[in-house]
Visitor: 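Here's a structure for you.
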2 protein chains.
Amino acid sequence: MSAYTIGKVAREAGVAIDTVRYYERRALLPPPARRLSGYREYAAEDVRRLRFIRRAKALGFALEDIRALLDLSADHERGVRGLHARAQARLADVEARITQLQKMRRGLRRLVDACPGSGTLDHCPILAALDGKDQP
Amino acid sequence: MSAYTIGKVAREAGVAIDTVRYYERRALLPPPARRLSGYREYAAEDVRRLRFIRRAKALGFALEDIRALLDLSADHERGVRGLHARAQARLADVEARITQLQKMRRGLRRLVDACPGSGTLDHCPILAALDGKDQP
DNA sequence: CTTGACTCTGGACCATGCTCCAGGGTTTAG
DNA sequence: CTAAACCCTGGAGCATGGTCCAGAGTCAAG
């Protein structure tokens, strides 16, 4: 069992040292073992966990969500079901965003194409792109 | 021209009153007309603008980005030169966001599809999928 | 052994995007 | 006319997700 210092585990996982301690405070990482000196000691498992957190963050999960994901991953009763549901919810959200952004892209494209120089269209296609009745 | 009070415009757009004033400070909304009493007076256009802001925010745009988009549309309406280039820059930004979200979608789909939603954690690939060597 | 790199704690600080408050004045329904 | 509902300003406070710091102790290479 190679043991990592906080600096090592941070480098391996690609995050800042302060971030590691911050995640510990936020309970995304369990309180690590300590040397007699008080130095934190991490294991390879923690590197994996940190990478998991980083990737989940990149997928748009909030830290609280990620904590929930990690908790579920340790829960043999409801773990799998919960993970599946949460990933699906996140997926639905991402798909909705893509749809909206595509609308905005159409609006911007029209703007770019339609006014090579100047000339006024009465209605701006950008605002119109996201127009619509109200239940976002 | 029906005029809206700040409370009305906020309700119509689905945001808080304080948020409207905050957006004014951040120049996402132009300084509105005032009554003699000092009360702000808004028009239907402002409701539209606020809704746009809300939706753009839901898409993950920062307020600064949204301000840029709004400036673009305002400049469009008054035929300002240089619009074309800026619109193209915004378009590139939106396209980058779409690409990024599509990546997320692929990642999430892999998780959702691969996970049966039942069974034991050892068979749930979500954790495994978020694991792995490092090149995010 | 010394020196430079590393780690500890607790708390301050940052940017973003609100949200709330006090202590006023204004509007409007009845 | 009056009470309830609304609006004003300026500034403080909050949640998120970190980031930085001082002042002190620890570790490892040479």
Side-chain angles (χ1 to χ4, degrees), chain A residues 2-43 46-47 49-70 90 93 97 136, chain B residues 2-43 46-47 49-70 93 97 104 136:
Chain A
S2 53
Y4 295 78
T5 61
I6 195 171
K8 226 168 165 185
V9 85
R11 262 195 309 281
E12 289 289 313
V15 301
I17 288 179
D18 281 341
T19 304
V20 176
R21 286 194 280 248
Y22 176 69
Y23 287 167
E24 183 184 331
R25 279 205 297 286
R26 298 292 305 274
L28 278 90
L29 288 178
R34 300 285 189 136
R35 295 193 202 170
L36 289 178
S37 62
Y39 279 30
R40 289 170 177 79
E41 272 196 324
Y42 295 94
D46 295 304
V47 176
R49 209 171 160 99
L50 279 168
R51 286 193 181 143
F52 176 93
I53 294 169
R54 232 194 30 192
R55 291 194 166 87
K57 231 162 33 82
L59 292 177
F61 288 97
L63 292 193
E64 263 313 288
D65 297 338
I66 297 172
R67 205 179 48 65
L69 290 176
L70 288 166
R90 192 86 260 289
D93 179 53
R97 284 186 192 212
Chain B
S2 54
Y4 295 78
T5 60
I6 196 172
K8 225 166 166 188
V9 85
R11 262 195 309 282
E12 289 288 312
V15 301
I17 288 179
D18 281 341
T19 304
V20 176
R21 285 194 281 246
Y22 176 69
Y23 288 166
E24 183 184 332
R25 279 205 296 286
R26 300 291 307 273
L28 278 90
L29 289 177
R34 301 284 188 137
R35 295 193 202 169
L36 288 178
S37 62
Y39 279 29
R40 289 169 178 80
E41 274 194 323
Y42 296 94
D46 296 303
V47 176
R49 210 170 158 101
L50 279 168
R51 287 197 179 135
F52 175 86
I53 294 169
R54 228 193 32 190
R55 293 193 165 91
K57 219 160 46 76
L59 294 178
F61 287 96
L63 293 191
E64 265 311 291
D65 298 338
I66 299 172
R67 205 178 49 66
L69 287 168
L70 288 167
D93 178 49
R97 276 166 196 270
M104 286 190 198

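The sequence lines fix the lettering, A, B, ..., with proteins before strands; numbering per chain opens at 1. All values derive from a computational prediction rather than experimental measurement.
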Visitor: Output all residues satisfying side-chain hydrogen bond (donor to acceptor under 3.5 Å, both in side chains) with B/Arg26, sequence neighbours left out; order by chain, then residue number.
Guide: B/Tyr22
Visitor: Tell me whether the OP1 or OP2 atom of C/dC18 has a side-chain N or O from B/Lys57 closer than 4.0 Å.
Guide: yes
Visitor: Is a side-chain N or O of B/Arg54 found less than 3.5 angstrom from the main chain of B/Ala13, in a donor-acceptor match?
Guide: yes
Visitor: What is the separation between atom CD on B/Glu24 and atom P on C/dG17, rounded to the nearest whole Å?
Guide: 18 Å
Visitor: Under 4.5 Å between any side-chain heavy atoms of A/Val20 and A/Tyr42, yes or no?
Guide: yes
Visitor: Side-chain contact test, heavy atoms from C-beta onward, threshold under 4.5 Å: evaluate it for B/Tyr4 versus B/Val47 and give yes or no.
Guide: yes
Visitor: I'd like to check the side-chain hydrogen bond (donor to acceptor under 3.5 Å, both in side chains) partners of A/Glu41; sequence neighbours left out, ordered by chain and number.
Guide: none
Visitor: Measure the angle between the two terminal helix axes of the helix from C/dC1-D/dG30 to C/dG30-D/dC1, five base pairs each, and quote it to 10°.
Guide: 10°
Visitor: Just jot down the side chain to side chain contact (heavy atoms under 4.5 Å, CB included) partners of A/Ile66, sequence neighbours excluded, or say none.
Guide: A/Leu28, A/Phe52, A/Ile53, A/Ala56, A/Lys57, A/Phe61, A/Leu63, A/Leu70
Visitor: How many Å lie between CG on B/Leu29 and P on C/dC18, as a whole number?
Guide: 12 Å
Visitor: What pairs with B/Asp65 under salt bridge (Lys or Arg N to Asp or Glu O under 4.0 Å), at least two apart in sequence or on another chain?
Guide: B/Arg97
Visitor: Identify, with sequence neighbours excluded, every residue that meets side-chain hydrogen bond (donor to acceptor under 3.5 Å, both in side chains) alongside A/Arg90.
Guide: A/Asp93
Visitor: Mind checking what makes side-chain hydrogen bond (donor to acceptor under 3.5 Å, both in side chains) contact with A/Arg40, not counting sequence neighbours?
Guide: A/Glu24
Visitor: Starting at the 5' end of nucleotides 4-15 of chain C, put B wherever the base has a protein heavy atom under 4.0 Å, S where only the sugar-phosphate does, and a dash everywhere else.
Guide: --BSSB------
Visitor: Go through the structure and list residues passing side chain to side chain contact (heavy atoms under 4.5 Å, CB included) with A/Tyr39, not counting sequence neighbours.
Guide: A/Arg35, A/Ser37
Visitor: I'd like the 5' and 3' limits of the part of DNA chain D contacted by chain A, with heavy-atom contacts below 4.0 Å.
Guide: D/dG17 to D/dC27
Visitor: Which is more 5' along DNA chain D, the nucleotide nearest A/Tyr22 or the one nearest A/Leu36? Just name the residue.
Guide: A/Tyr22
